[in-house]
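A short worksheet on the structure shown next.
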Protein chains: 2
Amino acid sequence: MVTMTGQTGAHATRRATTVAQLSHIGLQLFIENGFDETTVDEIAAAAGIGRRTFFRYFASKNDLPWGDFDELVERMRADLAAVPDSEPLYATLTRAVLDFNTYPASELQYHRERMQLLMTVPSLVAHSTLRYESWREVIAEFAARRLGEPVGSLRPRMIGWVYLAASLGAYEQWLHDPGSELLEVLRSALDILSERLTA
Amino acid sequence: MVTMTGQTGAHATRRATTVAQLSHIGLQLFIENGFDETTVDEIAAAAGIGRRTFFRYFASKNDLPWGDFDELVERMRADLAAVPDSEPLYATLTRAVLDFNTYPASELQYHRERMQLLMTVPSLVAHSTLRYESWREVIAEFAARRLGEPVGSLRPRMIGWVYLAASLGAYEQWLHDPGSELLEVLRSALDILSERLTA
DNA sequence: ACGTTACGTGGCACTCGGTGCCACCGCAAG
DNA sequence: CTTGCGGTGGCACCGAGTGCCACGTAACGT
């Protein structure tokens with residue numbers, strides 16, 4: 001169970017576990033026994049590491065279900081940066097949000113269980129707000145650049161908030177309706193944004 | 001400093017403190033020394049009550065800055081329920097959001113400091129998501145009734161999310177720009193919603 | 001081959017938020 | 001005066017998160 005991770009170049013050392021492994025083990029426990037009922041001690045024990053070490057992999061128990069979210073956000077940032085200015089703003093953002101939430105069929109069941117936790121366990125629901133900040137930031141940055149406005153101005157920020165709202169609304173709906181398709185619900189949610197909310 | 005609260009009718013007993021007093025004392029400490037640097041023990045001591053008693057007034061340290069938010073939400077629910085069907089949906093919601101965030105000039109400074117905490121301290125930012133749920137619910141309920149759709153369907157939920165997004169975007173902007181007027185920023189944010197987010 | 005250094009590990013003790021339990025006390029009603 | 005209710009707060013306990021440090025092992029220099 002010893003893995004090499006030589007990414008850092010010099011002074012690479014064996015790691016007893018990978019983030020992905022730990023995340024998987026923890027999530028399994030959360031699903032089986034409930035989030036609040038599962039202690040970090042139990043997760044560490046199940047993974048065969050010390051409690052202290054757990055907090056070197058994850059800043060908090062709340063971060064465990066998030067996996068490599070930050071990486072995905074960075075990928076979205078890069079993807080958006082590569083979009084030519086000829087592509088219309090809102091269509092690009094819609095496309096980006098759909099891409100961001102596109103998972104291979106094999107991972108869909110897992111993703112659903114993960115999101116079920118993130119959207120229902122109060123502690124996780126609360127914590128998620130902090131994780132979404134960087135996501136909104138990417139959207140706002142892109143919108144600001146396209147609109148020629150500072151990122152700090154109202155419109156880009158609002159666009160970030162509103163696209164997040166659409167995503168969360170879609171996830172809520174997807175989890176609520178077991179037969180639905182995530183991408184379809186997302187598409188519907190994003191469509192509502194493009195309607196005029198007047199009268 | 002002993003106050004009578006005989007609301008419950010029979011068996012009314014003196015309370016050593018009121019929620020408002022405690023909230024005020026705590027916020028003062030948060031502003032002066034920082035949220036994370038202030039312990040519940042210190043707040044309790046400053047208020048002259050026991051630590052155990054603090055948690056009978058507030059479910060958590062995070063709830064302290066919220067004051068009577070739930071009451072305001074209930075008022076909004078009642079206000080919306082009283083709006084005749086002849087009033088257009090989105091105009092009514094816009095009006096409701098503006099009313100909800102209308103404070104007497106004397107409380108504005110206090111409100112600003114409170115919101116500064118709620119929107120910047122990570123622990124509070126996270127927790128706020130849980131408090132906003134009931135707010136979104138009120139919006140969604142009204143929209144659902146007006147649209148003749150179940151509350152659980154996508155559109156009413158989205159409307160709840162999107163109006164929350166506008167509110168949070170406006171607050172972010174308001175706090176970011178010391179010279180701005182809350183209601184004006186809010187109005188601008190809500191206006192953006194009523195534009196078509198296309199092309 | 002040997003010492004040195006870097007680094008992942010994990011034990012220990014501590015802080016702080018939050019909870020269950022319970023004993024205490026004052027007020028109101030009988 | 002007695003009984004009962006309700007606010008109070010001390011005490012012990014749990015679990016998340018952190019600082020500190022000692023240990024072992026792999027990589028590196030000589």
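Here is the naming used below: chain letters follow the sequence lines, and residue numbers restart at 1 for every chain. Remember, it's a predicted structure, so these values are computed and weren't measured experimentally. These values consider heavy atoms only, across backbone and side chains, with no hydrogens, waters or symmetry-generated copies.
- Between B:Lys61 atom NZ and D:dG15 atom C1' there is a gap of 17 Å when expressed in whole angstrom units.
- A continuous path of ILVMFWY side-chain contacts below 4.5 Å connects A:Phe30 to A:Val19, so both sit in one hydrophobic cluster.
- Classified by interplanar angle (parallel below 30°, tilted 30° to 60°, perpendicular above 60°), the ring pair A:His24/A:Tyr110 is parallel.
- Straight-line distance from the CD1 atom of B:Ile49 to the C1' atom of D:dG7: 11 Å, rounded to whole Å.
- When each of C:dT19, D:dA16, C:dG10 is scored by its nearest atom to the side-chain atoms of B:Phe55, the top-ranked nucleotide is C:dT19.
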Below 3.5 Å is the cut-off: list the nitrogen or oxygen pairs between protein and nucleotides 11-13 of chain D, distance only.
none

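- No more than 12 heavy atoms of other residues, nucleotides or ligands lie within 6.0 Å of CZ in B:Arg187, so this atom counts as exposed by the packing criterion.
- B:Ala59 comes within 4.0 angstrom of the backbone, heavy atoms only, and of no base.
- A donor N or O paired with an acceptor N or O is found under 3.5 Å between the base of D:dG9 and the side-chain atoms of B:Arg56.
- Atom P of nucleotide C:dG18 and atom OH of B:Tyr57 are separated by 18 Å, given to the nearest angstrom.
- Across the protein-nucleic acid pair, A:Glu37 atom CD and D:dC14 atom P stand 16 Å apart, rounded to whole Å.
- In this structure, A:Phe58 places its CZ atom 15 Å from P of D:dT18, rounding to the nearest Å.
- Contact annotation for A:Ser123: no contact, since no heavy-atom pair falls under 4.0 Å across all strands.
- Using a 4.0 Å heavy-atom cutoff across all strands shown, A:Thr39 reaches sugar-phosphate atoms only and no base atom.
- Salt bridge absent: B:Arg157 and B:Glu141 never bring a charged side-chain N and a carboxylate O closer than 4.0 Å.
- Taking the six-membered ring for Trp, B:Tyr171 and B:His176 have ring centres at least 6.0 Å apart.
- An OP1 or OP2 oxygen of D:dA16 is reached within less than 4.0 angstrom by no side-chain nitrogen or oxygen of A:Ser60.
- For B:Arg145, the CZ atom counts as densely surrounded, since its 6.0 Å shell holds more than 12 non-hydrogen atoms of other residues, nucleotides or ligands.
- Picking from D:dA16, C:dG18, D:dC20 the nucleotide with the shortest atom distance to the side chain of A:Val40 gives D:dA16.
- Taking atom CZ of residue B:Phe54 and atom P of nucleotide C:dC16, one finds them 15 Å apart after rounding to whole Å.
- Judged by the 6.0 Å and 45° rule, B:Lys61 forms a cation-pi pair with B:Phe35.
- C:dG11 atom C1' lies 12 Å from atom CG of A:Asp41, rounded to whole Å.
- If you measure from atom CG of B:Asp36 to atom C1' of C:dC16, you get 11 Å, rounded to the nearest angstrom.
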